[in-house]
There are 2 protein chains.
Amino acid sequence: MHVATASRALNPDTRSLVSSTTAERVLQAAKALDYRPNPIARSLRTARTETVGLVIPDLTNPLVPPMVRGVADVLAPAGYDAWIVNTDNDPDREIAQIESLRDKQVDGLIVATARLEHPLLEQLHDEGVRIVLANRLLGAGRIPSVTADNAAGSALAVDHLVALGHRRIAHVSGPQTLSTGLVRRRGYLHAIRDHGLPEDPELLVTCAAWTEEEGARAFGSLLDSGVEFTAVVAGHDRVALGCYDALAARGLSCPGDMSVVGFNDMPFMDKMRPALTTVRVAHYEVGAEAARLLLDSFADPGRPARGVLLQPTLVIRSSTAPPA
Amino acid sequence: MHVATASRALNPDTRSLVSSTTAERVLQAAKALDYRPNPIARSLRTARTETVGLVIPDLTNPLVPPMVRGVADVLAPAGYDAWIVNTDNDPDREIAQIESLRDKQVDGLIVATARLEHPLLEQLHDEGVRIVLANRLLGAGRIPSVTADNAAGSALAVDHLVALGHRRIAHVSGPQTLSTGLVRRRGYLHAIRDHGLPEDPELLVTCAAWTEEEGARAFGSLLDSGVEFTAVVAGHDRVALGCYDALAARGLSCPGDMSVVGFNDMPFMDKMRPALTTVRVAHYEVGAEAARLLLDSFADPGRPARGVLLQPTLVIRSSTAPPA
DNA sequence: TTGTATGCGTTATCAG
DNA sequence: CTGATAACGCATACAA
C-alpha cells in the first residue's frame, strides 16, 4: 500500500480516484491505527489552513462574545476554525495582529473593530485578501460587511418615545470617530425630523467614549443646562446607565421625571432598576452572517461584495413611560 | 547568499553561528524584501507551534472573557498564541475539541471547564501532554492547576454576615458535580462550624444549575418552608439574583428582611438594586497564572506540578446589613 | 486505478 | 563560519 494512494483514499474529494475496495482498506487501516492527518503538513502543501482570523477590540466587552460565538458556530460545520485576536482599539496593535494572522496563512479575515477608517483593510482587500467587516462600515461598501442598522435602531427609540407622548427628546451620542456613534446620531436626527419635531441642537450632547462616566457627565451637563426635555435616547446601554446615575444624583426619577432608552441590550439590562428599555442588536447574528459572507467568498471568489444590514428591535421595559 | 545561512541569521538563537557582517546583510535584505517567515513550514519542521489550546465552556459566560484575556496577555510576550474552543459543557464536544487541538499540534493545553472528573485529561497528562487546569481541581493535584480558593470565599461571606450579627445563615449551593458547587458548600459548612453556629441541614438548599431560575426556585422553597433565618450565602451571583427575585415575589426586602451575598462579582453586580455584596474572584489572574504555569512547564519539563490557590476578596455593597 | 516523483518553506545535520 | 542536503507529512502532476 503506498502513501499517495492512501492520501487519495482519505480525502473525500479524491476518493473517487481510487477503487472502492482499496479505499475501504485504507479507511479501515486508518481507523485501526488511529491515524490523524497532520493539518500543518497539509496546509504547507495546499496553502490553505481552514482557519479565519477574527479581529475584535476586546473580548471583555459584553457585546463581543455573542458575536464570536456566531462566527464560530457558522464556521465549525464548514470545517473552519477562528483565530481570535484582541486589538484593545489600538491601531498599531490592530495592524500587527492582522499581519500576524496573515503570516499564519488564515484563509480570510473578519474584522469587528469599530474605527471608521482603516486604509490597511482596503489595501488588503485590493490585494485579494478575503475580508468581511462586522459592526463597521468602511468606504463605499467595496468590502463585504455586516452591521446592525443603527440608524433604524435610533428611529425605533424615537418612535417609541413619540408614541408615549414625548415631544422634546434629547440624544446622548458617542464618539463621532466610531461608525456607531455617527450613525446612531444621524438616525436620531432623521427620526426627529420625520416626526415633525423641532431639531434643537441644545438637545444633543456627545460622549468622548461609550462609558457610564461619560454618559453621566454629558447627560448631567444637559440636565444642568436648564433646557427642557422629558426623554433621552442614549447611544449605548452604558451611556444609559450613566444617565441613570446623573438622574439619581439630582434626585430625579426614571421613568417618572425622565424616560431613558439604551442601545444594544447588553446582558443584565433587564435586571437594572428600572429595567432598561433598549434597542436590541442581534450580535450573535452579526457574527453568524459575517461568517456566512466569508464562506460565500471562499466558495465563489468572483461574487460582488454584499453589505448586510440587520434590523434591530426595541425591547420595552420599565425605563420609559408617558411624560409627566 | 544561501538559505541555510539566512535561516541562521534570522533566528536569534542561532545568529551567533554566523558572522556579524553576514548577519547584518541578511537582516537588511529581509527588511528590504519585507520577508515574513512562514510559521507553518517552521512548525512542520520543528514540531512546535508556539500555540496553546484554551478549552472553555462558553465564551458568553461573563466570567470567561477576563480569564481568556489573562491567558492571552501572559502568552503574548512569550510569543505564544491561544486557540480558543468552546465545549458548551458537552463532554463529547470537549473530547472532540481537545483531539482537534492536539491534531493542530498545540504545545500545551489550558482547560477551564468545570466538571469534576475527566479521565481523558489524566491520560493526556500521563502521555506527557502539557496541561494546566483552570477553575477546576482534578485528581490529587497531579496536574498543575489554578483555582480560586472557593472554600475561603464562602468563609469570607459567612464571616461578614456573622460580624453583622447574623446567626442563622442559609446557603444556596450549586450542582455537586461541579467543583465550585462542592467546595463552596463545604467552605460554608466549615465556616458555620468555626463560628460555633448550629449546623442546620434545613438551611441548606441546592440548585441544579448556576442560574437565576434555579436560585429563585431553591431559595423560594426555603423561604416558604417556614425555617427561620436572616441571611443567605448564594454560591453564585446568578443564584443571588434569583434570591432577589424570590424575595421580591414574596414582598420581602433586601437587605431589610434578608441579607444576600453572591459569589464571583460578575460585571454589573455593582449596578443591581441593591448593589450586590459578593465574593470577588480574580478571573483575569486565574487565566494569567494558568498561562504562567504552562510556560513554566515548557521551560522546565521536569518541574513537579504546582497547584495555585488564588485568594478571593469580599466586596461589600448594599445587599447586606445587620438583621432586623 | 495505482505508483513515482517533486515540492510546499523551514531548520538541523554534516561536510567543507 | 558557511554551503549543501535531507527531512518534517502531505497532495498533486505525471507516468505506468
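Please read these numbers as outputs of a predicted model, since none were measured by experiment. Order of the sequence lines fixes the chain letters, A, B, ..., with proteins taken first and strands second; residue numbering starts at 1 for each chain.
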Problem set entry | Verdict with reasoning, A:Arg8 to A:Asp13, per salt bridge (charged side-chain N to carboxylate O under 4.0 Å, His left out) | CA-CA 8 Å; A:Arg8 288 185 273 248; A:Asp13 294 342; over 6 Å; no
For this session: Could you pull out all residues at least two apart from B:Glu24 that satisfy salt bridge (charged side-chain N to carboxylate O under 4.0 Å, His left out)?
Result: none
Problem set entry | Verdict with supporting geometry, B:Asp107 and B:Arg48, salt bridge (charged side-chain N to carboxylate O under 4.0 Å, His left out) | CA-CA 6 Å; B:Asp107 297 339; B:Arg48 293 177 304 104; 5.3 Å; no
Exercise. Quick one: on DNA chain D, does A:Thr5 or B:Thr22 contact a more 5' nucleotide (nearest heavy atom)?
Worked result: B:Thr22
Seminar exercise, completed: Axis-to-axis angle across the helix from C:dT1-D:dA16 to C:dG16-D:dC1, five pairs each end, nearest 10 degrees, ~ 50°
Exercise. Side chains of B:Thr113 and B:Glu94: do they bring a donor and an acceptor to under 3.5 Å?
Worked result: yes
Problem set entry | For DNA chain C, the residues among residues 23-44 of chain A that have a non-hydrogen atom under 4.0 Å from it | A:Leu44
Can you give me the closest heavy-atom contact between [X] and [Y], atom names plus distance?
X: A:Thr87; Y: A:Val55; value: CG2-CG1, 3.4 Å
X: A:Ser179; Y: A:Asn135; value: OG-O, 3.7 Å
X: A:Gly53; Y: A:Leu101; value: CA-CD1, 3.8 Å
X: B:Ile143; Y: B:Leu121; value: CD1-O, 3.9 Å

Problem set entry | chain A contact limits on DNA chain D, taken 5' to 3' with a cut-off of 4.0 angstrom to heavy atoms | D:dG9 to D:dA13
Seminar exercise, completed: Note: contacts of residues 14-21 of chain B with DNA chain D (heavy atom, under 4.0 Å) are B:Leu17, B:Val18, B:Ser19
For this session: Hey, could you give me each pair passing ring pair (Phe, Tyr, Trp, His ring centres under 6.0 Å) that has a residue in residues 33-70 of chain A? Not counting sequence neighbours.
Result: none
Problem set entry | Sequence neighbours excluded - ring pair (Phe, Tyr, Trp, His ring centres under 6.0 Å) pairs with any residue from residues 38-96 of chain B | A:Trp83-B:Trp83, B:Tyr80-B:Phe298
Got a sec, which residues hit side-chain hydrogen bond (donor to acceptor under 3.5 Å, both in side chains) with [X], two or more places apart in sequence or on another chain?
X: B:Asp126; result: B:Arg142
X: B:Thr14; result: none
X: A:Thr21; result: A:Ser19

For this session: Could you tell me which residues satisfy side-chain contact (heavy atoms from CB on, under 4.5 Å) with B:Asn264, sequence neighbours excluded, listed by chain and number?
Result: B:Leu63, B:Arg184, B:His236, B:Asp237, B:Met266, B:Val281, B:His283
Seminar exercise, completed: With a 4.0 Å cut-off (strictly under) to non-hydrogen atoms of chain A, the first and last hit nts on DNA chain C, 5' to 3', are C:dT1 to C:dG9
Problem set entry | Rounded distance [0.5 Å steps], CD in B:Glu50 versus NZ in A:Lys104 | 10.5 Å
